[in-house]
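For reference, the structure discussed in these notes is given below.
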Amino acid sequence: MTSRHIPSPSRRTVVRAAAATAAAVPVLATSTITSATADSQVAAPAFLHGVASGDPLPDGVLLWTRVTPEPGAEPGSGRGADIPVRWEVAEDREFTALAGSGTTLASAASDHTVKADVRGLRPATTYYFRFTAGGEGAGAGESAEVRSPTGRTRTAPATGATVAGLRFGVVSCANWEAGWFSAYRHIAARGDLDAVLHLGDYLYEYATGGYPTQGAALREHRPAHEILNLADYRLRHGTYKTDTDLQALHAAHPVIAIWDDHEFANDAWSGGAQNHTPGTEGAWAERVAAAKQAYFEWMPVRASTEGTVHRRLRFGKLADLHLLDLLDLRSFRSEQASIGNGSVDDPERTITGRAQLDWLKAGLAGSDAVWKLVGTSVMISPVAFGALPAHLLGPLTGLLGLPKEGLAFSVDQWDGYTDDRKELIGHLRDRGIRDTVFLTGDVHMAWASEVPVRAATYPLSPSAATEFVVTSVTSDNLDDILRVAPQTVSTVASAAVRTANRHVKWVDMDSHGYGVLDVTAERSQMDYYVLSDKTAKDATSAWSRSYRTRRGTQKVERVDRPVR
């Protein structure tokens with residue numbers, strides 16, 4: 001079976017915009033209760049945390065929701081009886097012809113979240129889905145039947161289909177306390193996306209005021225303390241999913257998510273994390289287990305049999321999407337290098353772990369797709385720093401993971417684990433694997449870079465791949481930390497980075513927003529969009545810049561307008 005023909009971008013945008021907007025409207029209209037009151041001031045059962053879909057396959061998609069079974073049964077509370085939940089999938093919003101339906105159970109064991117891994121669907125097809133709870137029996141005291149908002153999702157093209165184009169929203173790093181999630185609202189309003197790729201830091205683990213924000217917290221985390229146990233992580237996930245813009249995003253598009261470190265604790269490695277103190281915060285392994293359980297309960301993500309999220313999704317013959325497990329990158333890796341604890345060039349130190357690096361290499365070598373997209377949390381492009389004033393180098397130390405000892409490279413990225421990077425880039429070069437694009441978040445800045453085989457001699461030496469890094473949704477970047485106007489002080493730092501790194505074509509250290517990756521057989525293009533003000537609920541979105549890599553070139557070039 002072949003996929004449908006995808007029309008030109010303008011036609012595709014018009015045809016699918018109405019469906020996406022319509023799917024988002026019920027969420028925006030019904031989910032206006034704040035996290036502080038949502039679970040105690042409404043009748044139950046209720047769908048207070050929206051609906052979501054994720055991990056699209058040619059024949060299926062994963063559906064998600066959470067039921068509040070009784071008043072006061074907030075996430076992590078353990079309150080409430082088991083409650084049957086019916087799910088339905090149809091190709092029309094009216095659900096006149098069901099494509100699938102079934103019943104599952106929302107129980108305290110899963111924090112009353114439910115997932116339905118629906119199969120038997122048609123490839124490259126838009127579907128609508130909803131959930132129903134309550135209404136059992138007719139006796140006194142029985143709850144009335146309650147229906148969730150309607151969500152919209154889309155299956156992937158058939159595995160062997162020739163696909164004209166794909167388009168993905170790309171986001172990362174959303175700190176609840178630092179701003180409103182307006183970026184999500186603007187992505188939800190787009191009708192031309194096949195899916196949204198979330199590259200991690202979906203939430204933050206800190207106590208209220210514990211993570212840098214521009215002034216006081218715009219809205220406070222729940223719980224207010226740093227999250228450490230299962231109940232904490234559940235409540236933090238539940239708090240985030242009361243945001244109407246985030247609910248709109250999940251209701252409008254399937255989300256393909258990977259985790260980074262803040263879903264657990266800042267700067268995790270195999271033996272712990274920078275933001276974890278075993279003496280007062282318990283065993284690191286127990287904290288990781290709690291964070292993982294809550295993540296799989298609350299996110300529309302398929303877990304592997306090993307309980308990881310590294311996986312591979314195919315979109316016809318056009319693209320294979322290789323998703324790295326960012327906890328693996330963080331927890332299997334050796335502790336970040338600093339003076340006295342190891343060299344960045346030590347072959348015994350690893351960022352991926354042996355098994356995941358072998359998995360990625362095999363997947364890249366075996367792919368017959370035009371584009372090999374790699375979703376990762378940390379930058380693979382090397383970054384050296386030239387002469388920077390101390391007042392700029394200090395904030396960049398925090399954003400990029402630079403060691404406080406003053407080493408001029410980012411040890412929190414692949415720069416801190418050069419043997420793994422050398423092996424992967426050598427694999428791309430030696431096997432003749434072309435058209436690999438790394439899609440990255442984490443650093444709260446936007447970058448467009450070529451990935452050189454040998455940075456010191458670039459561009460005399462070749463490029464092995466390209467990398468597009470998206471900025472944060474709300475998490476602080478350089479101008480926030482320095483409390484200066486955007487695109488002022490940062491221009492000095494940006495110029496210094498590009499001078500010292502000839503493979504870096506662009507870096508924006510100040511903006512907040514999102515990316516839209518448009519993929520055709522000829523090129524992959526990232527359009528960067530920025531918000532007018534992350535602290536404004538009604539923030540507007542505007543196109544900033546676009547960069548693309550043409551097929552077969554492994555080079556990045558600027559484009560004078562976005563695809564849409």
Side-chain angles (χ1 to χ4, degrees), residues 34-40 48-49 64-82 106-115 174-177 200-211 217 219-243 246 257-301 303 306-309 325-328 330-332 377 475:
T34 67
S35 61
T37 62
D39 297 287
S40 60
L48 304 179
H49 301 90
W64 175 94
T65 194
R66 197 259 180 177
V67 180
T68 300
E70 64 181 40
E74 67 178 9
S77 68
R79 292 180 54 180
D82 294 356
S107 69
S110 61
D111 206 20
H112 290 97
T113 64
V114 295
K115 289 183 179 180
N175 183 3
W176 173 273
E177 296 198 334
D201 290 346
Y202 183 95
L203 54 74
Y204 281 73
E205 84 280 14
Y206 291 96
T208 289
Y211 192 72
R219 47 182 176 172
E220 293 186 354
H221 273 140
R222 292 188 72 221
H225 58 264
E226 183 177 336
I227 52 177
L228 300 172
N229 58 39
L230 181 57
D232 291 344
Y233 281 98
R234 283 170 164 174
L235 181 55
R236 188 66 58 88
H237 272 281
T239 300
Y240 271 64
K241 280 194 169 66
T242 60
D243 183 272
L246 179 54
I258 52 179
W259 53 40
D260 194 5
D261 55 339
H262 289 292
E263 286 88 349
F264 300 84
N266 184 52
D267 285 352
W269 58 285
S270 59
Q274 177 274 331
N275 191 31
H276 181 77
T277 307
T280 58
E281 296 179 339
W284 172 241
E286 293 177 2
R287 185 174 183 178
V288 168
K292 271 190 171 185
Q293 180 175 335
Y295 186 90
F296 284 126
E297 290 171 347
W298 280 87
M299 296 294 291
V301 170
E306 299 82 16
T308 67
V309 295
D325 186 323
L326 307 183
L327 181 60
D328 283 1
R330 299 284 188 173
S331 64
F332 284 147
S377 67
S475 301

Please enumerate all residues that pass side chain to side chain contact (heavy atoms under 4.5 Å, CB included) together with Pro300, with sequence neighbours excluded. Ala52, Trp64, His250
So do His237 and Leu203 actually touch side chain to side chain, heavy atoms under 4.5 Å? yes
I'd like to check the side chain to side chain contact (heavy atoms under 4.5 Å, CB included) partners of Ala290; sequence neighbours left out, ordered by chain and number. Leu230, Tyr233
Taking side chain to side chain contact (heavy atoms under 4.5 Å, CB included) as the definition, give me every residue that meets it alongside Arg79, ordered by chain and number, with sequence neighbours left out. Glu70, Ala73, Ser77
Going by the rule side-chain hydrogen bond (donor to acceptor under 3.5 Å, both in side chains), which residues pair with Trp298 if we only count those two or more places apart in sequence or in a different chain? Asp111
If I take atom NZ from residue Lys241 and atom OH from residue Tyr202, how far apart are they, to the nearest 0.5 angstrom? 3.0 Å
Tell me if the aromatic rings of Trp176 and Tyr206 count as close, with their centers under 6.0 Å from one another. no
Which distance, rounded to the nearest 0.5 Å, do you find between the CD of Glu74 and the OG1 of Thr242? 11.0 Å
Beyond-backbone contact of Leu228 with Glu286, side-chain heavy atoms, under 4.5 angstrom: no
Of all heavy-atom pairs linking Ser475 and Ala174, the shortest is OG-N, 3.9 Å
Non-hydrogen atoms of Pro75 and Gly238 that approach each other most closely: CG-CA, 3.9 Å
List for me each residue that meets side-chain hydrogen bond (donor to acceptor under 3.5 Å, both in side chains) alongside Thr208, sequence neighbours excluded, and say none if there are none. Glu177
Gln293: what forms a side-chain hydrogen bond (donor to acceptor under 3.5 Å, both in side chains) with it, not counting sequence neighbours? Glu297
ring-ring contact (aromatic ring centres under 6.0 Å, His included) evaluation trace for Phe264 with Trp284: CA-CA 10 Å; Phe264 300 84; Trp284 172 241; 7.4 Å; no
Between Pro69 and Gly80, what is the shortest heavy-atom contact and its length? CG-CA, 3.7 Å
Could you check whether any side-chain N or O of Lys115 sits under 3.5 Å from a backbone N or O of Met299, counting only pairs where one atom can act as donor and the other as acceptor? yes
Between NE2 of His49 and OG1 of Thr113, what distance do you get to the nearest 0.5 Å? 11.0 Å
Specify the closest pair of heavy atoms between Phe296 and Thr308, including all atoms of both residues, with the distance to one decimal. CZ-O, 3.9 Å
Treating Arg234 as the side-chain partner and Asn229 as the backbone partner, does any N or O pair qualify as donor plus acceptor under 3.5 Å? no
Output yes when a side-chain donor or acceptor of Asp261 lies under 3.5 Å from a complementary backbone atom of Asp267, and no otherwise. yes
Distance, nearest 0.5 Å, that separates CG of Asn266 from CG of Asp260: 9.0 Å
Tyr204: ring-ring contact (aromatic ring centres under 6.0 Å, His included) partners, not counting sequence neighbours: Tyr211, His262
Min side-chain heavy-atom separation Asn175-His221 under 4.5 Å: yes
Using the test side-chain hydrogen bond (donor to acceptor under 3.5 Å, both in side chains), find all partners of Asn275 that sit at least two apart in sequence or belong to another chain. Glu205, Glu226
Determine yes or no for a side-chain-to-main-chain donor-acceptor pair under 3.5 angstrom, with Arg236 supplying the side chain and Arg222 the backbone. yes
